[in-house]
Amino acid sequence: MEKKTVVIGVIGADAHAVGNKIIDLTLQNSGFKVINLGVMVSQEEFIEAAIETKADAILVSSLYGHGEIDCMGMRQKCDEAGLKGIPLFVGGNLVVGKQNFDDVKARFEQMGFDFVYPPSTPIEHTIVDLKHVLKID
């Protein structure tokens, strides 16, 4: 069976690279083809990479607290670019300050993200959801 392709990266002006590399290696070890865009990635770069590689999902990380701003409009841009329905995952320190995660999650879901994870969520939890949504045994 062909490996599912996922595009990953750290969005916006965020330069946190260590977690990104851990996510990359863990996804590869779980059988995914990973397109790692690295850090300081724009929405457009995620979308272009997903189109170019025929990706099955996009995983966005943000650790510097501005993920909410950086992710606004991403679902619409995906839809307009022909990626309507591509699963969008996001996780990390997504907002500035201490906020109720249920509220944060609801805002990201309203923005069109399918899966939203709080800070310190192990990538293995995301992989379970990723395999489920991509129908991988």
Side-chain angles (χ1 to χ4, degrees):
M1 185 164 133
E2 190 173 319
K3 289 183 177 183
K4 297 289 187 175
T5 302
V6 295
V7 172
I8 70 168
V10 183
I11 199 164
D14 195 332
H16 289 90
V18 174
N20 176 262
K21 194 63 178 166
I22 292 167
I23 290 169
D24 182 343
L25 293 172
T26 307
L27 285 165
Q28 286 186 50
N29 290 338
S30 296
F32 291 94
K33 178 179 178 186
V34 179
I35 309 303
N36 187 348
L37 302 177
V39 299
M40 299 175 63
V41 181
S42 70
Q43 289 184 16
E44 292 77 15
E45 289 170 304
F46 278 105
I47 293 166
E48 288 168 13
I51 291 168
E52 185 177 309
T53 64
K54 295 181 174 62
D56 298 289
I58 298 173
L59 284 70
V60 177
S61 297
S62 181
L63 290 177
Y64 75 145
H66 298 285
E68 185 171 11
I69 294 165
D70 294 334
C71 290
M72 284 183 181
M74 188 162 179
R75 172 57 73 192
Q76 292 80 9
K77 288 179 185 171
C78 285
D79 291 352
E80 290 167 4
L83 296 173
K84 192 170 185 82
I86 191 168
L88 291 179
F89 293 71
V90 66
N93 295 321
L94 301 174
V95 295
V96 175
K98 190 163 180 73
Q99 297 184 34
N100 179 300
F101 182 71
D102 289 337
D103 296 338
V104 173
K105 181 178 179 183
R107 292 197 305 268
F108 274 84
E109 287 173 342
Q110 286 178 331
M111 286 193 289
F113 282 82
D114 301 290
F115 296 88
V116 184
Y117 302 97
S120 302
T121 300
I123 187 61
E124 291 81 5
H125 293 197
T126 306
I127 290 170
V128 169
D129 291 337
L130 189 56
K131 287 182 173 182
H132 177 74
V133 78
L134 298 179
K135 297 177 174 60
I136 299 171
D137 294 329

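Start at 1 with the first residue, then count along the sequence.
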Q | Hphob cluster co-occupancy, V6 + I35, side-chain heavy atoms under 4.5 angstrom | A | no
**Q.** Any side-chain heavy-atom pair of I123 and T126 under 4.5 Å
**A.** yes
**Q.** Straight-line distance of Q99 CD to N93 CG, nearest 0.5 Å
**A.** 11.5 Å
Q: Could you tell me the separation between the NZ atom of K4 and the NZ atom of K131, rounded to the nearest 0.5 Å?
A: 12.5 Å
May I have the list of side-chain donor-acceptor pairs in residues 111-120 shorter than 3.5 Å, sequence neighbours left out?
unit_1	atom_1	unit_2	atom_2	d
D114	OD2	R75	NH2	2.8
D114	OD2	L88	N	2.8
Y117	OH	D129	OD2	2.6

Q) With the 4.5 Å side-chain cut-off for hydrophobic clustering, are V41 and M74 part of the same group? A) yes
Q: Establish whether V104 and F89 are linked, either directly or via other cluster members, by ILVMFWY side-chain heavy-atom contacts under 4.5 Å.
A: no
**Q.** Side-chain touch I127/F32, heavy atoms, less than 4.5 angstrom
**A.** yes
Q | Other residues, nucleotides, ligands: >12 heavy atoms within 6.0 Å of K77 NZ | A | yes
**Q.** Validation row: C71, I11 side chains within 4.5 angstrom (heavy atoms)
**A.** yes
Q. Do V60 and V95 sit in the same hydrophobic cluster, where Ile, Leu, Val, Met, Phe, Trp and Tyr count as joined when their side-chain heavy atoms come under 4.5 Å apart?
A. yes
Q | For the student: nearest non-hydrogen atoms of S61 and I23, plus distance | A | OG-CD1, 3.7 Å
Q: Answer yes or no: is there a side-chain heavy-atom contact under 4.5 Å between N20 and H16?
A: no
(Q) Rounded at 0.5 Å granularity, tell me how far NZ in K21 sits from OG1 in T26. (A) 11.0 Å
Q) Do side-chain atoms of D14 reach the backbone of L63 as a donor and acceptor pair under 3.5 angstrom? A) yes
Q: Drop me the distance from L59's CG to L37's CG, to the nearest 0.5 angstrom.
A: 11.0 Å
Q. For the residue pair G12 and D70, what are the closest heavy atoms and their distance?
A. CA-OD2, 3.5 Å
Q) Got a donor-acceptor contact below 3.5 angstrom from the E68 side chain to the F108 backbone? A) no
Q) Heavy atoms, side chains only, cut-off 4.5 Å: are D24 and Q28 in contact? A) yes
Q: Give the cluster check for V34 versus M40: same hydrophobic cluster or not, with ILVMFWY residues linked at side-chain heavy-atom distances below 4.5 Å.
A: no
Could you give the side-chain donor-acceptor pairs of residues 50-58 under 3.5 Å, partners two or more places apart or in another chain?
unit_1	atom_1	unit_2	atom_2	d
T53	OG1	A49	O	2.7
D56	OD2	T5	N	2.8

Q) Would R107 and D103 count as a side chain to side chain contact (heavy atoms under 4.5 Å, CB included) if you check the C-alpha gap in whole Å, the side-chain angles of each, and the deciding distance to 0.1 Å? A) CA-CA 6 Å; R107 292 197 305 268; D103 296 338; 4.0 Å; yes
Q. Is L83 close to F46 at the side-chain level, that is, under 4.5 Å between some pair of heavy atoms?
A. no
